[in-house]
Colleague: 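This is the structure I want to talk about, given as structure tokens.
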Amino acid sequence: MAVPWEEYFRLALQEKLSTKLPEQAEDYVPPVLRLLEKRQELVDADQALQAQKEVFRTRMAALKQRWEQLEQKERELKGSFIRFDKFLQDSEARRNRALRRAAEERHQASLREAEALRLRTQLEELRQERARLQRRLKRLEPCARLLEQALELLPGFQEVPELVARFDGLAQTQVALRLRERERLAELEAARSRLQQLRDAWPDEVLAQGQRRAQLQERLEAARERTLQWESKWIQIQNTAAEKTLLLGRSRMAVLNLFQLVCQHQRQPPTLDIEDTEGQLEQVKLFMQDLSAMLAGLGQPEPAAPAS
């Protein structure tokens, strides 16, 4: 850790003064001389301090320059490390590209080898096919001569391939006709089998349809009976509703008449609506209660007068 300049100079001055104090204590010196000596010592100490400061500054400048050089070297080393790292990355990338190229070349080589093997196999198959065709050609040479003789006997054909094509067309037509004949025979047999099945199943089907018709007829009759029952119930309900409606109308008319009689008796105009039957009944009820109370009060004997 670096020591501050003031602390360094103070320690140096104390050390220098402490070395001179024992020498001065041996002999007695007048105060003036001692003061001069002290001044001289201060001047010497100041010069020494200035010299030490200059040395310290020189050392600090050298250290600063050394630090700058070290920082420059550090930057150069960092740059070298970066370049070396980039060089390693480039080398790894070139190595990976080379490995991929080598793998691709090996793959292409294997593909070419497989293609060569396939071509050799195909060539061998073609050779075998050629040998087979040559053997067949030798075997069919009598047929070829026979076709040439037939061509001479048939002036309507100019070349052997034309005659062969005509024969192939006739053979294909014959095959198609035979196939169509078999299909028609199969369809005819299937139709006969279906007809026989229908003939066998016809009595059972007629019987089943008759039973189903009887069941439906029974269900129809039951439905008609239920309809008649519901119609009679509906007529009964309508009649009952008409009677209830008539009774309700008569009741409302009776209540209205009673209410009007009550209003006439009380000599008050009707204040309720004609359709407010409940309110009218309530007014009639109150009037009957008042009337009953009044009649009850009239029926009681008057109290006798006191004797004078």
Side-chain angles (χ1 to χ4, degrees), residues 165-304:
R166 178 63 176 171
F167 178 77
D168 290 339
L170 293 175
Q172 292 177 0
T173 303
Q174 184 181 7
V175 171
L177 289 174
R178 287 179 179 177
L179 180 61
R180 185 176 297 176
E181 182 181 3
R182 286 196 295 269
E183 291 176 354
R184 293 294 180 270
L185 290 175
E187 291 177 358
L188 180 60
E189 187 65 27
R192 287 176 180 174
S193 177
R194 179 62 179 169
L195 179 60
Q196 187 63 34
Q197 291 177 0
L198 291 174
R199 286 177 179 176
D200 295 338
W202 176 251
D204 297 335
E205 184 69 22
V206 171
L207 181 60
Q209 292 296 332
Q211 293 176 355
R212 186 177 180 185
R213 181 175 176 277
Q215 292 176 359
L216 292 175
Q217 189 67 30
E218 292 177 358
R219 292 174 61 184
L220 178 61
E221 293 297 331
R224 286 177 178 174
E225 291 179 0
R226 288 195 298 271
T227 302
L228 292 175
Q229 291 176 1
W230 283 110
E231 286 179 354
S232 63
K233 288 183 179 180
W234 174 246
I235 293 171
Q236 184 179 0
I237 290 170
Q238 286 181 343
N239 294 331
T240 305
E243 292 176 358
K244 296 293 184 182
T245 305
L246 182 59
L247 180 60
L248 179 61
R250 290 177 179 176
S251 300
R252 294 179 65 182
M253 288 299 296
V255 171
L256 180 60
N257 292 330
L258 289 174
F259 177 69
Q260 289 177 354
L261 290 174
V262 169
C263 292
Q264 290 177 3
H265 186 271
Q266 293 178 351
R267 294 183 178 86
Q268 293 179 358
T271 58
L272 297 177
D273 190 12
I274 297 176
E275 301 295 332
D276 191 4
T277 305
E278 293 182 357
Q280 295 172 4
L281 281 174
E282 187 67 25
Q283 292 294 328
V284 172
K285 179 181 177 182
L286 292 175
F287 176 75
M288 294 296 291
Q289 288 177 356
D290 294 340
L291 185 60
S292 299
M294 185 183 298
L295 292 175
L298 292 175
Q300 292 180 359
E302 295 182 358

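Below, each value reflects all heavy atoms present in this structure, side chains not excepted, and no hydrogens, waters or symmetry copies.
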Colleague: Under the rule for side-chain contact (heavy atoms from CB on, under 4.5 Å), what residues qualify as partners of Leu177, not counting sequence neighbours?
Modeller: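 Leu177: side-chain contact (heavy atoms from CB on, under 4.5 Å) contacts with Thr173.
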Colleague: Ion pair present between Arg180 and Glu183, side-chain N to carboxylate O less than 4.0 angstrom?
Modeller: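 Judged by the 4.0 Å cut-off on N to carboxylate O distance, Arg180 and Glu183 do not form a salt bridge.
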Colleague: To the closest 0.5 Å, what do you measure between CG (Leu179) and CD (Gln172)?
Modeller: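 Rounded to the nearest 0.5 Å, the CG-CD separation comes to 13.0 Å.
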Colleague: Look up atom CD in Gln215 and atom CZ in Arg212, then write down how far apart they are to the nearest 0.5 Å.
Modeller: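 Taking CD in Gln215 and CZ in Arg212, the distance rounds to 9.0 Å.
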Colleague: For the CG atom of Leu220 and the CD atom of Glu225, what is their distance to the nearest 0.5 Å?
Modeller: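 Rounded to the nearest 0.5 Å, the CG-CD separation comes to 10.5 Å.
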Colleague: Quick one: CZ on Arg192 to CZ on Arg199, what's the gap to the nearest 0.5 Å?
Modeller: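 The distance works out to 11.0 Å.
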Colleague: Taking CD in Gln289 as the centre, count heavy atoms belonging to other residues, nucleotides or ligands within less than 6.0 Å. Is the count above 12?
Modeller: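 Check passes, neighbour count above 12.
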Colleague: Assess, by modelled atom type and distance only, whether the side chains of Gln196 and Asp200 contain a donor and an acceptor separated by less than 3.5 Å.
Modeller: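 Checked: Gln196/Asp200 side chains pair up, N/O donor to acceptor below 3.5 Å.
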Colleague: Take atom CD in Glu187; do more than 12 heavy atoms of anything else shown fall under 6.0 Å from it?
Modeller: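 More than 12 heavy atoms, drawn from other residues, nucleotides or ligands, come within 6.0 Å of this atom.
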Colleague: So, taking the atom named CG in Asn239 and the one named CH2 in Trp234, what distance separates them when rounded to the nearest 0.5 Å?
Modeller: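 Rounded to the nearest 0.5 Å, the CG-CH2 separation comes to 11.0 Å.
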Colleague: Can you tell me how far apart CD (Gln238) and CD (Gln236) are? Round to the nearest 0.5 Å.
Modeller: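 Rounded to the nearest 0.5 Å, the CD-CD separation comes out at 11.0 Å.
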